[in-house]
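Note that the coordinates shown come from a computational prediction; the quantities given were computed from them, not determined experimentally.
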Amino acid sequence: MIILLTLDGDFDIPWKKGCMLNALRLARAKCNTVWVDSGGFQAMTHSVIPPVYAVINVYKRIDANAYIAPDVPPLPDDPPEVAEKKMEASYVRYVEASRHVEVVPVVHFYRDVRLTLRYLRRYLDHSPPKLAVGAAVPYLFSRAPGRRRLFAFLRELRREYRGHIHVLGAGAPSVIARLAALGVDSTDSATWRLKAAYGKVILPGGGERHVTNRAKKFGGKTATEEELEALYSFLKETGFPALDGFYERIRTSFKYRALVNAWVIQYSLSRDQPHAANTSSSGAGSGGDSSGD
């Protein structure tokens, strides 16, 4: 599965792989693959719903591989009539945006799966080459029934739809392998930065560990020396371009932890294989990251 790194602000990634930009908070990107999101998550959490024309104006200024249709995601606790109203608004916005830019439609998962399936049929009538699944994250981390219904929907979607499936915002290490097993083609992740901000590193293959001396947030174990050595070995074997000072920087620098997490997510948890490193270990990623947390 391809994992796009969600960029927010001026945070350069030394290697130029896939990234997801937010149309409401554009970041500089020098990625080989660029997708642009309309800001649907902000619409869901803060009721910030930009007009379609505003999103399209941003899209026209960006050279990207894919543009997510401007959507209005339903919340899990929305009554069915409210959820349907949001899904209808999303569909109308997709049709309007499609007149100006080729956009990726977003079908929203909702606890009443019949409503999701109804709108899925409408989107598939347009024969889109790519399809995004939105509003899924709350169900991924909910109690078992919600997660099971989401996985069942994704399994059914893969059977019916042969195009590219992208699940928005679902790039947490704990669920990536399951999404890949269900046939999801890609997702995007802000986890690499969030975990780093909490003083954590992501381990190859999944799992996370605290590496700073700060008070732990959200629980979790502290990394052992053996785990850090295994992480270092993985980074070295896969060509991570900034190994100098690893054991000090991983504990003191948020930016360095974020870069390590980004590498692990894209090269350990995705199906992508790392390119051979042509840069020295003291080069990329070393500038401006010596400050502590």
Side-chain angles (χ1 to χ4, degrees), residues 1-6 18 20 33 35 37-38 40-41 43-45 65-78 80 83-84 86-88 90-91 94 103-192 202 205-206 265-266 268-272:
M1 180 164 59
I2 299 169
I3 304 171
L4 307 175
L5 299 178
T6 303
M20 174 75 81
T33 301
W35 287 38
D37 186 22
S38 69
F41 178 77
M44 182 170 68
T45 57
N65 302 88
Y67 306 89
I68 304 296
D71 61 325
V72 186
L75 297 168
D77 57 355
D78 279 342
E84 182 171 10
K86 291 179 178 179
M87 289 187 187
E88 181 64 25
S90 296
Y91 179 78
Y94 161 70
V103 292
V104 179
V106 182
V107 59
H108 295 107
F109 185 76
Y110 179 64
R111 52 191 167 87
D112 184 348
V113 184
R114 295 171 298 179
L115 189 56
T116 298
L117 292 173
R118 187 191 316 163
Y119 278 89
L120 172 63
R121 303 286 181 266
R122 296 179 69 179
Y123 286 120
L124 293 184
D125 284 343
H126 294 266
S127 301
K130 297 182 179 69
L131 181 70
V133 178
V137 171
Y139 298 93
L140 283 172
F141 302 101
S142 68
R143 295 181 178 179
R147 180 185 281 208
R148 281 200 302 267
R149 285 195 292 267
L150 172 62
F151 288 161
F153 167 72
L154 292 174
R155 190 178 299 110
E156 180 64 23
L157 175 60
R158 181 74 288 170
R159 280 197 291 261
E160 291 193 25
Y161 175 67
R162 307 317 304 170
H164 185 110
I165 299 174
H166 182 94
V167 180
L168 289 163
S174 59
V175 298
I176 287 172
R178 184 62 185 273
L179 294 179
L182 291 169
V184 172
D185 296 291
S186 63
T187 185
D188 51 280
S189 174
T191 301
W192 58 287
I202 299 170
I265 282 178
Q266 288 198 308
S268 169
L269 302 176
S270 78
R271 69 177 177 219
D272 289 354

Residue pairs passing the salt bridge (charged side-chain N to carboxylate O under 4.0 Å, His left out) test where at least one lies in residues 104-113, sequence neighbours excluded: D112-R114
Enumerate donor-acceptor pairs with a distance under 3.5 Å from any side-chain N or O in residues 148-158 to protein atoms, sequence neighbours excluded.
residue: E156; atom: OE1; partner: R159; partner atom: NE; Å: 3.4
residue: E156; atom: OE1; partner: R159; partner atom: NH2; Å: 2.7
residue: R158; atom: NE; partner: Y161; partner atom: O; Å: 3.4
residue: R158; atom: NH1; partner: G183; partner atom: O; Å: 2.9
residue: R158; atom: NH1; partner: D185; partner atom: OD2; Å: 2.9
residue: R158; atom: NH2; partner: Y161; partner atom: O; Å: 2.6
residue: R158; atom: NH2; partner: G163; partner atom: O; Å: 2.6

The side chain to side chain contact (heavy atoms under 4.5 Å, CB included) partners of A69 (sequence neighbours excluded) come to Y94, V103
Tell me every residue that passes salt bridge (charged side-chain N to carboxylate O under 4.0 Å, His left out) with R118, counting only those two or more places apart in sequence or in another chain. E84
Using side chain to side chain contact (heavy atoms under 4.5 Å, CB included) as the criterion, list what pairs up with S174, not counting sequence neighbours. F141, A172
Using the test side-chain hydrogen bond (donor to acceptor under 3.5 Å, both in side chains), find all partners of H108 that sit at least two apart in sequence or belong to another chain. D71
By side-chain hydrogen bond (donor to acceptor under 3.5 Å, both in side chains) - contacts of Y123 (at least two apart): none
Can you name the closest pair of heavy atoms from S90 and V72 and give their distance? OG-N, 2.8 Å
Tell me every residue that passes side-chain hydrogen bond (donor to acceptor under 3.5 Å, both in side chains) with R162, counting only those two or more places apart in sequence or in another chain. none
Hydrogens and angles aside, do H164 and S186 bring a side-chain donor and acceptor to less than 3.5 Å of each other? yes
Listed partners of A66 passing side chain to side chain contact (heavy atoms under 4.5 Å, CB included), at least two apart: W35, V104, K130
With sequence neighbours excluded, tell me which residues meet side-chain hydrogen bond (donor to acceptor under 3.5 Å, both in side chains) with Y119. E88
